[in-house]
Amino acid sequence: MTMGQQEKPQVNALIELLPDWIQQLIRINSLVATQMGVIMTDFHCLHALQQGGPTTPGALAARVGLTAGSATRMVDRLEAAGCVTRAHDPKDRRKVVVVPTPEGLERVSSYYAGLTARTHLDLADFTDAELQVLHRFVERSLASAVAEADRLNAG
């Protein structure tokens, strides 16, 4: 908060709710990872692949904060679970890229179908203006979370 700004009770109430909401999302992710037969870090990597597309194991490791050795073991586990394959990089055949499989992505999506449907219901009666405000909040919160994770990672 900057000088001159007053605390808003509604902001404090919202901030108090966020940790419980985030904890439940973490719980869901953990349950999905377990049901898929992978660990949470593997699951984060699969999400990174889903969002960013195929990439080298090294770049994938950097996205989620793993060492190169950890990334190799992670790709092995995801490959064994049928979630990814290794392929030659079309731009440089000497490199290998990790590619999410359609089946792996479909499995992930199927686990979240219930939450997605509930979220659609939760948002159904919001006006377009309210949805724009929520969208702006989530975008800003995401940027803040990335910045804070980067700050903590830098030590």
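No hydrogens, no waters, no symmetry mates; every other heavy atom, side chains included, goes into these values.
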So Arg107 and Glu103, do their side chains get closer than 4.5 Å, heavy atoms only?
no
May I ask you to test the Pro100-Gln50 pair for a side-chain heavy-atom distance under 4.5 Å?
no
Against Cys83, only a single residue in Leu46, Val75, Val98, Val108 fulfils side chain to side chain contact (heavy atoms under 4.5 Å, CB included); can you say which?
Leu46
Hey, does Arg86 have a side-chain heavy atom less than 4.5 Å from the side chain of Val99?
no
Check whether Tyr112 and Val38 end up in the same hydrophobic cluster, where Ile, Leu, Val, Met, Phe, Trp and Tyr are linked by side-chain heavy atoms less than 4.5 Å apart.
yes
Please test Met36 against Val32 for side-chain contact (heavy atoms from CB on, under 4.5 Å), starting from the C-alpha separation and ending with a verdict.
CA-CA 6 Å; Met36 290 186 69; Val32 170; 4.0 Å; yes
Can Ser144 and Ser141 be said to form a side chain to side chain donor-acceptor pair (under 3.5 Å), step by step?
CA-CA 5 Å; Ser144 292; Ser141 294; over 6 Å; no
NZ/NE/NH1/NH2 to OD/OE distance under 4.0 Å, Arg136 and Glu139
no
Interatomic distance, Thr72 atom OG1 to Leu66 atom CG [nearest 0.5 angstrom]:
10.0 Å
Do Leu18 and Val133 belong to the same hydrophobic cluster, where Ile, Leu, Val, Met, Phe, Trp and Tyr are linked whenever their side-chain heavy atoms lie under 4.5 Å apart, directly or via other members?
no
More than 12 heavy atoms from other groups under 6.0 Å of CG on Asp128:
no
Full working for side-chain contact (heavy atoms from CB on, under 4.5 Å) between Leu31 and Arg27
CA-CA 6 Å; Leu31 290 166; Arg27 181 176 167 222; 4.2 Å; yes
His135 NE2 to Leu123 CG distance, which is reported to the nearest 0.5 Å:
11.5 Å
Does any non-hydrogen side-chain atom of Arg63 lie less than 4.5 Å from one of Thr55?
yes
Sub-3.5 Å donor-acceptor pair from the side chain of Glu148 to the main-chain atoms of Ala145, do we have one?
no
Candidates Leu105, Val97, Leu78 - the one meeting side chain to side chain contact (heavy atoms under 4.5 Å, CB included) with Val84
Leu78
Rounded to the nearest 0.5 Å, the CG atom of Asn29 sits from the CE atom of Met40 at a distance of 5.0 Å
Heavy atoms, side chains only, cut-off 4.5 Å: are Thr56 and Leu60 in contact?
no
Rounded to the nearest 0.5 angstrom, the CD-CG distance for Glu7 and Asn12 is 4.5 Å
Distance from Gln35 atom CD to Ser30 atom OG, nearest 0.5 Å?
10.0 Å
Look at Lys91 together with Asp89 and state whether they make a salt bridge at an N to O cut-off of under 4.0 Å.
no
Between Ile28 and Tyr111, is there a side-chain heavy-atom distance shorter than 4.5 Å?
no
Do you reckon Val138 sits in the same ILVMFWY cluster as Leu14, going by side-chain contacts under 4.5 Å, direct or chained?
yes
Gap between atom CZ of Arg77 and atom CG of Asp42 - 0.5 Å precision:
4.0 Å
Using the rule that two of Ile, Leu, Val, Met, Phe, Trp, Tyr join whenever any of their side-chain heavy atoms come within less than 4.5 Å, decide whether Leu152 and Val64 are in one cluster.
no
